[in-house]
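Below is one structure, written out as structure tokens; comments come after it.
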Amino acid sequence: MGFALLPVLVSVLTIQYSAAQSFKCSSSDPSTCHALVGYITVNNTNLGAIQSLFSVKNLRSLLGSNNLPLNTKRSYAIPAQQVIKVPINCLCNNNTGTSSGAPIYTVQPGDGLYHIAAEVFSRLLLYQQIAAANNIRDANLITIGDKLKIPLPCSCDEVDGQKVVHYAHMVKSGSSLGEIAQEFGTNEETLARINGIKADSDLKADQPIDVPLKACNSSVSSDSFDFPLLAANGTYLFTANGCVKCMCDAANNWTLHCEPSQNKPSKWDTCPSMKCQGAEGLSIGNSTAAGCNRSTCSYAGFNNSTIMTTLVQDSSSCSRTVSPPSNDVSRINSSWDCLFILVLLGFHLFQ
């Protein structure tokens, strides 16, 4: 049986939780959600390699997180030092959030825990955290072929009463809270609070920081299997066993737009009906207008056998104000007054 030696200065690992990059997750009960991590590619690679490394089940999940076209192939080239947003399932427990179930990494010849953490996974976590998650007492020796859980940092917490998509962003050298906040549409105070940072000097280069990304509002009910369905601006995702595609675009008033995906479902023989009752056969993602009122058939979730829908009414265009006729009359009267004055001036000039 082969072994890989870890090039560290200590022979026995002492776990230092104070040094670990962990994201706070204050839920008292174990909870799960979808989150994102920003993986910086070490070498030239492709989407398929990244999908395999992070154990992402479907390539389309990786495409949606980076707003890439659905016809993008696994062989799509990614240059070194490029940031790719990777979707993960997050589990919050004991006030800490870590990836649940995946990724699972197979130890290769020449690997060590430090190499796996710092180079393979681009410092998204510390080698001490890998050791703790896998009950490894001696970090100097790991066995080739071992399957290691990789506990990536994440969170499911609401921020200021709003559900968000938590994103593990790798801090660049010289970055400030203000620059990071501006890049991701949040504010310095929020970043500092959720990360326990008091000043820019507390930021550490090449370590992840928890960035809350605003999510689009949806009509998904709390009893749906995919509640809460969260998508950040400029991303799309698939739900309801792959039958529904949902997109988040800030230009769409931060409202999640869902429509039939045309994909073959993962657990059903065929996709269930996606029509709204009482809307003349209106399907998910379609609208109809009557005067200034607009009705949209929206996705509301799914269960074992049904895709739920709801009819959303929008009458915002009915509230537009029209300038009262009196304003036009006033403008006309003012014009006649000016003309009368000009005539009088002309009369006096020619006297």
Side-chain angles (χ1 to χ4, degrees), residues 2-25 35-45 49-56 62 78 80-91 93-94 96-155 166-173 175 195-196 202-211:
F3 292 92
L5 295 178
L6 174 65
V8 292
L9 298 177
V10 293
S11 59
V12 178
L13 173 66
T14 301
I15 304 297
Q16 296 179 348
Y17 291 103
S18 61
Q21 300 129 300
S22 59
F23 288 2
K24 296 178 182 178
C25 208
L36 296 169
V37 296
Y39 171 65
I40 301 177
T41 55
V42 179
N43 303 305
N44 294 337
T45 185
I50 297 173
Q51 180 188 1
S52 298
L53 177 62
F54 285 89
S55 308
V56 179
L62 196 57
I78 306 294
Q81 299 303 305
Q82 181 165 329
V83 179
I84 295 294
K85 293 184 175 70
V86 179
I88 62 172
N89 291 320
C90 183
L91 173 64
N93 200 10
N94 295 325
T96 301
T98 56
S99 52
S100 173
I104 302 294
Y105 179 76
T106 302
V107 177
Q108 303 296 313
D111 273 349
L113 291 188
Y114 178 83
H115 167 75
I116 295 170
E119 298 178 23
V120 177
F121 287 94
S122 294
R123 302 182 185 275
L124 280 167
L125 73 169
L126 300 176
Y127 75 86
Q128 293 99 325
Q129 293 171 303
I130 299 178
N134 294 277
N135 297 315
I136 298 174
R137 293 186 177 182
D138 187 347
N140 290 307
L141 296 174
I142 54 176
T143 305
I144 295 171
D146 276 354
K147 306 290 185 181
L148 300 180
K149 299 176 184 177
I150 305 298
L152 299 172
C154 59
S155 179
H166 287 267
Y167 172 57
H169 166 70
M170 295 300 293
V171 176
K172 299 176 183 178
S173 178
S175 292
N195 288 281
D202 294 330
L203 286 172
K204 296 181 180 179
D206 300 322
Q207 289 196 8
I209 184 175
D210 186 1
V211 177

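As a basis for the values below, the full set of heavy atoms in this structure was taken, side chains included, without hydrogen atoms, waters or symmetry mates. Numbers here are sequence positions counted from 1.
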Are the side chains of [Y] and [X] in contact, using a 4.5 Å heavy-atom criterion?
| X | Y | result |
| --- | --- | --- |
| Ser22 | Pro153 | no |
| Ile116 | Ile150 | yes |
| Leu125 | Pro151 | yes |
| Ser122 | Val42 | yes |
| Leu53 | Val86 | no |
| Asp146 | Asn134 | no |
| Leu152 | Phe54 | yes |
| Val37 | Phe121 | no |

What heavy-atom pair brings [X] and [Y] nearest, and what distance separates the two atoms?
| X | Y | answer |
| --- | --- | --- |
| Ser55 | Ala102 | CB-CB, 3.6 Å |
| Asp111 | His115 | OD1-CD2, 3.1 Å |
| Gly38 | Val83 | CA-CG1, 4.2 Å |
| Arg123 | Met170 | O-CE, 3.5 Å |
| Leu62 | Lys85 | CD1-O, 3.6 Å |
| Thr45 | Ala49 | OG1-CB, 3.3 Å |

Could you state the interatomic distance from [atom1] ([X]) to [atom2] ([Y]), rounded to the nearest 0.5 Å?
| X | Y | atom1 | atom2 | result |
| --- | --- | --- | --- | --- |
| Ile88 | Ser100 | CD1 | OG | 9.5 Å |
| Thr106 | Leu148 | OG1 | CG | 8.0 Å |
| Leu141 | Ile136 | CG | CD1 | 10.5 Å |
| Gln82 | Asn44 | CD | CG | 10.0 Å |
| Ile84 | Ile50 | CD1 | CD1 | 5.0 Å |

### Query
Pick from Asp202, Ile209, Leu203: which one makes a side-chain contact (heavy atoms from CB on, under 4.5 Å) with Asn195?
Ile209
### Task
Check each of Cys90, Ser155, Cys25 against His166 using the side-chain contact (heavy atoms from CB on, under 4.5 Å) test, and report the only one that passes.
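Looking at Cys90, Ser155, Cys25, the match for His166 under the side-chain contact (heavy atoms from CB on, under 4.5 Å) is Ser155.
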### Phe23 vs Thr98, side chain to side chain contact (heavy atoms under 4.5 Å, CB included): CA-CA, chis, key distance, verdict
CA-CA 8 Å; Phe23 288 2; Thr98 56; over 6 Å; no
### Query
Counting distance only, does the side-chain N/O of Ser99 pair as donor-acceptor with the main-chain N or O of Asn89 below 3.5 Å?
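Flag not set: sc Ser99 to bb Asn89 has no pair under 3.5 Å.
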### side chain to side chain contact (heavy atoms under 4.5 Å, CB included) between Gln207 and Val171, intermediate numbers included
CA-CA 6 Å; Gln207 289 196 8; Val171 176; 5.7 Å; no
